[in-house]
Amino acid sequence: MDIVTFKTFLAAASTGSFAAAAQRVNASPSSVTERIKRLEDRLGAQLFIRDKRGCKLTPAGEKFMSPALQATRAWELAQHEVRLPEHFNRTLSLGGQYFFWDRGFMGWLAQLRADLPDLALRVTAGASARLNRDLAEGFLDIAIIYDPIFHRDVRAEPLYSDALVLVTGGEPENWRHDFVRIEWGQALGLEIASRLGVASETGLSLDLGVRSADWLIDQRMSGYMPLRAAQPHLVSGDLSLVADAPRFDFPAYVCWRRNYDPDTCEEVLAIIRGGFANIAA
């Protein structure tokens with residue numbers, strides 16, 4: 001199947017419109033319609049329901065989302081590898097949550113390139129949900145994540161200790177009124193709600209990772225943040241700790257696929273461990 005058709009399907013699913021999908025894939029609306037029709041004919045199933053408001057995935061379309069994503073990602077990885085110069089004889093797809101690329105944490109990445117010059121790197125940042133999915137599906141070899149999903153094909157080890165702490169950009173005594181739920185994983189979210197015995201009165205839930213601190217500061221609200229991410233704002237006085245609020249263990253993990261080349265994996269892990277050793281100290 002033409003990879004362009006897969007990308008067209010994903011664009012239509014993402015935008016909810018064949019016209020918007022046409023702009024995204026640089027094609028005419030009629031071409032998008034024809035590609036989707038050919039795809040539906042090949043699959044023997046209707047993928048979209050269309051009306052004046054746009055298009056919506058059918059149950060069959062929902063099921064096809066994951067295979068389409070896997071196919072397009074596999075193609076992108078293949079393009080990356082075949083275009084590499086000959087002196088690169090091994091590759092690594094590496095991901096990390098946004099926080100790990102901030103505040104000087106990237107020194108170990110430069111060390112990785114210096115120590116392993118024959119290793120071609122594909123590096124990405126993202127939220128934990130996408131990184132966990134890409135690791136499980138084989139589009140990442142190694143990932144540094146706060147909230148790993150443990151999988152039989154993936155190994156994990158704690159990289160350093162951290163804690164979720166309740167901080168506020170407003171008055172600490174008003175934290176209940178200003179509390180915002182920040183997503184750090186379903187299990188922790190349930191534990192926090194149970195321990196605090198309070199629901200968010202703001203009607204707001206944030207899945208912005210460490211950038212949630214900016215919202216707490218700007219809007220003078222309160223929420224749970226990793227201590228190491230909040231520390232610079234605590235030092236500056238932009239955020240304050242809420243006294244006597246419970247803390248929750250929140251270690252950072254390095255995760256890797258079991259089928260990744262073991263020799264390369266151990267070399268890379270040693271550099272990552274060494275690079276984060278000063279954080280754990």
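Model, not experiment: these values are computed from the prediction.
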- Message: If only side-chain N and O atoms count, and only distance matters, is there a donor-acceptor pair under 3.5 Å linking S30 with S28?
- Response: yes
- Message: Under a 3.5 Å cutoff, is there a donor and acceptor pairing between the side chains of R42 and T5?
- Response: no
Main-chain N/O of [Y] paired with [X] side-chain donor or acceptor, under 3.5 Å:
| X | Y | value |
| --- | --- | --- |
| R257 | L140 | no |
| R228 | S161 | yes |
| S236 | H233 | yes |
| R90 | D118 | no |
| N132 | I149 | yes |
| D263 | E266 | no |

- Message: Check for me whether the distance between the ring centres of W184 and Y224 falls short of 6.0 Å.
- Response: no
- Item | Residue R155 excluded, over 12 heavy atoms near CZ under 6.0 Å | no
- Task: Apply the test side-chain hydrogen bond (donor to acceptor under 3.5 Å, both in side chains) to residues S14 and R24: give CA-CA distance (whole Å), side-chain angles for both, the deciding distance (0.1 Å), then the verdict.
- Result: CA-CA 10 Å; S14 174; R24 181 169 293 188; 3.1 Å; yes
- Query: Taking C-beta and beyond as the side chain, do L10 and M65 meet within less than 4.5 Å on heavy atoms?
  - Reply: yes
- Would you sort out whether L109 and L94 count as a side-chain contact (heavy atoms from CB on, under 4.5 Å), showing the intermediate values? CA-CA 10 Å; L109 183 58; L94 173 69; 4.2 Å; yes
- Task: Let me see the working for L47 and L39 under side-chain contact (heavy atoms from CB on, under 4.5 Å), right down to the final yes or no.
- Result: CA-CA 9 Å; L47 301 176; L39 182 59; 3.5 Å; yes
- Query: Can you name the residues that form a salt bridge (Lys or Arg N to Asp or Glu O under 4.0 Å) with E62, not counting sequence neighbours?
  - Reply: none
- Message: Tell me which pairs pass ring pair (Phe, Tyr, Trp, His ring centres under 6.0 Å) where either residue lies in residues 17-54, with sequence neighbours left out.
- Response: F9-F48, F18-F48
- E183 pairs by side chain to side chain donor-acceptor pair (under 3.5 Å) with which of S205, S128, S212? S205
- Query: Apart from L190 itself, which Ile, Leu, Val, Met, Phe, Trp or Tyr residues share its cluster (side-chain heavy atoms under 4.5 Å, direct or through members)?
  - Reply: none
